[in-house]
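Not measured: the values here are computed from a predicted model.
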Amino acid sequence: MERTNDSTLTEFVLVGLSAHPKLQTVFFFLILWMYLMILLGNGILISVIIYDSHLHTPMYFFLCNLSFLDVCYTSSSVPLMLASFLAAKKRVSFSGCMLQMFISFAMGATECMLLGMMALDRYVAICYPQRYPVIMSKSAYMAMAAGSWITGLIDSVVQTALAMQLPFCANNVINHFVCEILAILKLACADISVNVISMTGSNLIVLVIPLLLIATSYIFIVATILRIPSTEGKHKAFSTCSAHLTVVIIFYGTIFFMYAKPESKAFIDSGNEDIIEALISLFYGVMTPMINPLIYSLRNKDVKAAVKNILCRENFSDGK
């Protein structure tokens, strides 16, 4: 462990799957492929939403923010993750580790808030369709998105600043692919009660409150849909919410499984525990951003039509 003369920690060591060298090679190419798919899928979705005027609506504005957020989140963590697979032990500077943790935490918190805003948007669209254009005006949905980003950034600033003040005097080895905040807090050799209290408050604001907003919105949405007389009308209303609801289930389901799973090793031997941790981390950090654009585009006629229009326009231009 490298230290300066005043015993200040200067670097961390990411071990990842160093105990499983064969898996490291497999994971390297798998995550590299998934990262390229994330850039491609989200890049296409962002471009389509920007260039097609028919998609300049609150729902697609939030979706564009979500795709941009996923690109930022993965770009802050995946390169470090890939580097950890190429070396037995990846060394990262203290400042670099804190920066990566700050970006990842900010993007994660912002995504929670955005999912809540998207649920509120669907609630207004289905329960108050006549008043939707007035309630969800451009100034309203832009303020909602800006509030989500500001909340995520402020939350991350607080958590990162508190973590940076901790002394790390015994161990600098992080049993993870990236600089994950919980893994870093475990290395502190001082009381982390303030950090725990702050994290609890953070979880309440950016996890629980948006989840309650989502649950409440969908209770009213389902109640409204069930009152629609025609089967076709019900199907159309449900289809407008299915993509968002699927993303919410995957996102929150993975988070709760990752942080609420039992620590008992009675059924999992210690040799396989880190592999399971890796798979959970992989699904949350890479798989979800990769499948988000697929979920929102494959079952969305508007996005499909917009993609076809752009392709036809390019083919027409080439024909000239």
Using side-chain heavy atoms (C-beta onward) and a distance below 4.5 Å, is [X] in contact with [Y]?
| X | Y | answer |
| --- | --- | --- |
| Tyr128 | Met136 | no |
| Glu111 | Asp70 | yes |
| Ile214 | Met118 | no |
| Met199 | Leu182 | yes |
| Tyr73 | Thr110 | no |
| Val194 | Gln165 | no |
| Leu39 | Val71 | yes |
| Ile126 | Phe220 | no |

Do [X] and [Y] land in one hydrophobic cluster if side-chain heavy atoms of ILVMFWY residues count as linked below 4.5 Å?
| X | Y | answer |
| --- | --- | --- |
| Val26 | Val286 | no |
| Met142 | Leu114 | yes |
| Val134 | Tyr123 | no |
| Leu115 | Ile219 | no |
| Phe105 | Ile209 | no |

- Message: Please check: side-chain N/O of Ser47 versus main-chain N/O of Gly43, any donor-acceptor pairing under 3.5 Å?
- Response: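 Here the side-chain-to-backbone pair exists.
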- Task: Using the test ring pair (Phe, Tyr, Trp, His ring centres under 6.0 Å), find all partners of Phe28 that sit at least two apart in sequence or belong to another chain.
- Result: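 Counting only residues at least two positions away or on another chain, Phe28 forms no ring pair (Phe, Tyr, Trp, His ring centres under 6.0 Å).
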- Note on the structure: Taken in chain and number order and not counting sequence neighbours, the residues that satisfy ring pair (Phe, Tyr, Trp, His ring centres under 6.0 Å) with Phe29 are none
- Sequence neighbours excluded - side-chain hydrogen bond (donor to acceptor under 3.5 Å, both in side chains) pairs with any residue from residues 206-233: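 Output for this query lists Tyr218-His244.
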Holding to side-chain hydrogen bond (donor to acceptor under 3.5 Å, both in side chains), I want the full list of residues that pass it with [X], two or more places apart in sequence or in another chain.
| X | result |
| --- | --- |
| Tyr132 | Asp121 |
| Asp155 | Gln159, Ser202 |
| Ser148 | none |
| Tyr35 | Ser75 |

For the atom pair [atom1] ([X]) and [atom2] ([Y]), what is the distance rounded to the nearest 0.5 Å?
| X | Y | atom1 | atom2 | answer |
| --- | --- | --- | --- | --- |
| Met101 | Ser76 | CE | OG | 11.5 Å |
| Asn195 | Ile181 | CG | CD1 | 7.5 Å |
| Ile103 | Thr74 | CD1 | OG1 | 11.5 Å |
| Tyr141 | Leu120 | OH | CG | 15.0 Å |
| Leu14 | Glu180 | CG | CD | 11.5 Å |
| Ile38 | Met287 | CD1 | CE | 9.5 Å |

- Message: Which residues pass the side chain to side chain contact (heavy atoms under 4.5 Å, CB included) test with Leu153, not counting sequence neighbours?
- Response: Phe102, Ala106
- Who passes side chain to side chain contact (heavy atoms under 4.5 Å, CB included) against Ile44, sequence neighbours left out?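 Partners of Ile44 by the side chain to side chain contact (heavy atoms under 4.5 Å, CB included) criterion, ordered by chain and then number, come out as Leu40, Val48.
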- Task: Would you indicate whether Lys234, at its atom NZ, is surrounded by more than 12 heavy atoms from other residues, nucleotides or ligands within a distance under 6.0 Å?
- Result: yes
- Evaluate whether atom NE2 of His56 has more than 12 neighbouring non-hydrogen atoms of other residues, nucleotides or ligands under 6.0 angstrom away.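 Yes, because the 6.0 Å sphere around NE2 of His56 holds more than 12 heavy atoms from other groups.
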- Message: Working note: Phe168 + Ile184, criterion side-chain contact (heavy atoms from CB on, under 4.5 Å); need CA distance, chi angles, decisive distance, verdict.
- Response: CA-CA 9 Å; Phe168 300 92; Ile184 290 176; 3.7 Å; yes
Which donor-acceptor pairs under 3.5 Å do side chains of residues 61-69 form with protein atoms, sequence neighbours excluded?
residue: Asn65; atom: OD1; partner: Trp149; partner atom: NE1; Å: 2.9
residue: Asn65; atom: ND2; partner: Phe61; partner atom: O; Å: 2.8
residue: Ser67; atom: OG; partner: Asn42; partner atom: OD1; Å: 3.2
residue: Ser67; atom: OG; partner: Leu63; partner atom: O; Å: 3.3

- Message: Please enumerate all residues that pass disulfide bond (SG atoms under 2.5 Å apart) together with Cys179, with sequence neighbours excluded.
- Response: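 Residues passing disulfide bond (SG atoms under 2.5 Å apart) with Cys179: Cys97.
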Looking at every heavy atom in both [X] and [Y], which two are closest together, and how far apart are they?
| X | Y | answer |
| --- | --- | --- |
| Val178 | Leu80 | CA-CD2, 4.2 Å |
| Ile221 | Cys241 | CG2-SG, 4.0 Å |
| Ala188 | Ile192 | CB-CG2, 3.9 Å |
| Cys112 | Phe251 | SG-CE2, 3.4 Å |

- Test log, rule side-chain contact (heavy atoms from CB on, under 4.5 Å), inputs Phe94 and Asn172: CA-CA 10 Å; Phe94 181 86; Asn172 69 340; over 6 Å; no
- Residues clustered with Leu204, ILVMFWY side-chain links under 4.5 angstrom: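 Direct or chained contacts put Leu204 with Val208, Leu212.
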